[in-house]
Amino acid sequence: MSLRPASTPQQRADQVLERLAELFEIGRRAGTNRPGLGEGEQRAHDLVASWMAEAGLSVEVDPAGNLIGRLPGSDPSLAEVWTGSHLDTPPDGGMFDGALGVVAGLDAAAAVGAGSVRRTIAVVAFRLEEGCRFGRGVFGSRAMVGDIEPDEGDLLDADGVSVAQAFAELGLGRLPTRGWADPKPACFVETHIEQGPALAAAGAPLGVVTSIAGMAGFDVVFSGSRGHAGTVPMSLRSDALGAAARFVLAAHEVAGSIPGAVATVGRLVALPGATNTIPGRAELFADLRAPDAAGLDALVERATAAAAEAAAAASCTAEVLLRWRYEPVAMDPATAAAVRRAVAGLGLDPVDLPSGAGHDAAIMATAGIPSAMLFVRSDAGGVSHAPEESTGADAIALCAQALESALRELAA
Ligand code: HGY
Ligand code: MN
Ligand code: MN
């Protein structure tokens with residue numbers, strides 16, 4: 001959809017929503033399917049690159065395949081102001097997760113206009129933010145700040161395709177081995193749908209993020225004894241799925257006992273997967289999160305102990321493999337204050353809130369780039385990572401204006 005010169009807040013909101021709807025149709029089934037480093041993400045990058053070019057931004061694809069559109073400021077010697085998010089999605093994802101931050105960022109940059117502020121404004125679409133395809137995400141932002149593990153290219157998806165292979169198949173060459181966010185941007189502002197119920201409960205269309213939760217991801221393998229479903233007495237079984245089931249419930253209980261902590265097992269495989277065979281092996285991935293470091297430590301420690309206890313109770317063994325861990329990180333007070341002023345400038349009471357979801361902003365902040373997040377109210381009970389994810393045109397219109405004024409102040 002070509003760029004109409006949208007001027008009124010409503011016209012801008014309409015254009016943002018039209019673009020999000022166009023992106024939503026890429027890989028559309030119940031929701032949108034744009035797995036990171038996949039064909040759908042690439043189509044989204046190509047579409048947004050065309051919108052950036054139409055808006056007069058210079059377009060670059062960096063060594064990690066991140067898309068960066070730049071609106072020149074009047075003083076190119078100054079560190080840039082960055083905004084953006086990601087364009088990949090979980091399976092059957094919603095219209096707004098990630099894409100809102102990129103499309104609203106482009107809208108706000110275009111509203112600011114070239115040369116009207118001193119600092120160049122860059123709109124960034126980070127590659128492979130979602131961890132669901134390869135078991136680890138925030139790839140583009142981590143690559144940019146030099147935080148890619150040496151063996152990360154070997155991570156496989158469910159079809160046995162590696163990160164390195166998917167990266168090469170998109171024509172992106174070889175995985176980058178060192179960071180390049182140098183000179184570092186002056187700051188980064190990520191706009192994102194809240195993905196929770198807090199803003200709707202507060203009757204607020206916009207929120208300002210205070211901090212982003214810490215999280216740890218584990219592969220857990222339970223090993224028992226495969227056997228005939230009909231001939232092995234219950235007292236003699238080592239049922240690996242039985243151990244895994246105990247672990248899942250124990251992990252939920254541990255998380256429920258730690259303030260703000262959550263534990264999710266979204267993928268569990270019982271092998272050999274035959275209906276009349278006792279599973280000798282069960283493989284699962286545990287996603288553990290907590291708002292603070294002490295909570296995360298307690299959650300990881302107690303969930304790890306729960307795996308051993310669950311295995312022993314089912315006469316099995318457990319192997320717990322840490323795949324990644326990101327510490328909780330605070331948003332930069334000065335950058336967040338600019339976002340808060342922009343929200344207040346619309347006559348709204350800025351609502352401060354933490355983020356339970358992970359974001360590229362966490363990687364940027366941890367790398368020392370002053371970062372902030374503007375949250376947009378989620379409707380439908382805050383549902384996300386699902387086709388029902390939604391917000392209202394009112395919140396989009398206010399988000400566009402708030403982001404524009406925050407960028408004007410930060411890039412002045
Ligand atoms: O998992 C997350 O929090 C984000 O959606 N990648
Ligand atoms: Mn997500
Ligand atoms: Mn996201």
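Counting begins at 1 with the first residue of the sequence. The figures that follow rest on heavy atoms only: side chains count, while hydrogens, waters and symmetry mates do not. As the structure lists them, so they are numbered: ligands from 1, and atoms in each ligand from 1.
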Below 4.5 Å, heavy atoms only, C-beta onward: do L271 and E283 meet side chain to side chain?
yes
Go through the side-chain N and O atoms of T264 and D287 and say whether any donor and acceptor fall under 3.5 Å apart.
no
Whether the side chain of D107 engages the backbone of V16 through a donor-acceptor N/O pair (distance < 3.5 Å, no angle test) should be reported.
no
Quick check for students: name every N or O atom pair between ligand 1 and the protein closer than 3.5 Å, with distances.
from, atom 1, to, atom 2, distance (Å)
ligand 1, 1 (O), R289, NH2, 2.8
ligand 1, 3 (O), R289, NH1, 2.7
ligand 1, 3 (O), R289, NH2, 3.3
ligand 1, 3 (O), G358, N, 2.7
ligand 1, 5 (O), E130, OE1, 3.2
ligand 1, 5 (O), H385, NE2, 3.0
ligand 1, 6 (N), E129, OE1, 3.1
ligand 1, 6 (N), E129, OE2, 3.0
ligand 1, 6 (N), E130, OE1, 3.1

Only residue of D379, L353, L206, I193 satisfying side chain to side chain contact (heavy atoms under 4.5 Å, CB included) with L199 is L353
If we count only N and O atoms by modelled type, under 3.5 Å, do the side chains of S85 and E190 hold a donor and an acceptor together?
yes
Please walk me through it: do D97 and H86 pass side chain to side chain donor-acceptor pair (under 3.5 Å)?
CA-CA 8 Å; D97 179 358; H86 61 95; 3.1 Å; yes
Do any of the N/O/S atoms of H192, backbone or side chain, fall under 2.8 Å from the Mn ion (ligand 3)?
yes
Without hydrogens or angle criteria, can the side chains of E194 and S378 be said to hold a donor-acceptor pair below 3.5 Å?
no
Could you tell me if the side chain of S371 sits less than 4.5 Å from the side chain of D332, heavy atoms only?
no
Quick one, R302 with S257, criterion side chain to side chain donor-acceptor pair (under 3.5 Å). Give me CA distance, side-chain angles, the key distance, then yes/no.
CA-CA 11 Å; R302 289 170 55 191; S257 69; 2.9 Å; yes
What is the number of protein N, O or S atoms that sit under 2.8 Å away from the Mn ion (ligand 2)?
3
Among I396, L23, T191, exactly one meets side chain to side chain contact (heavy atoms under 4.5 Å, CB included) together with F96. Which residue is that?
I396
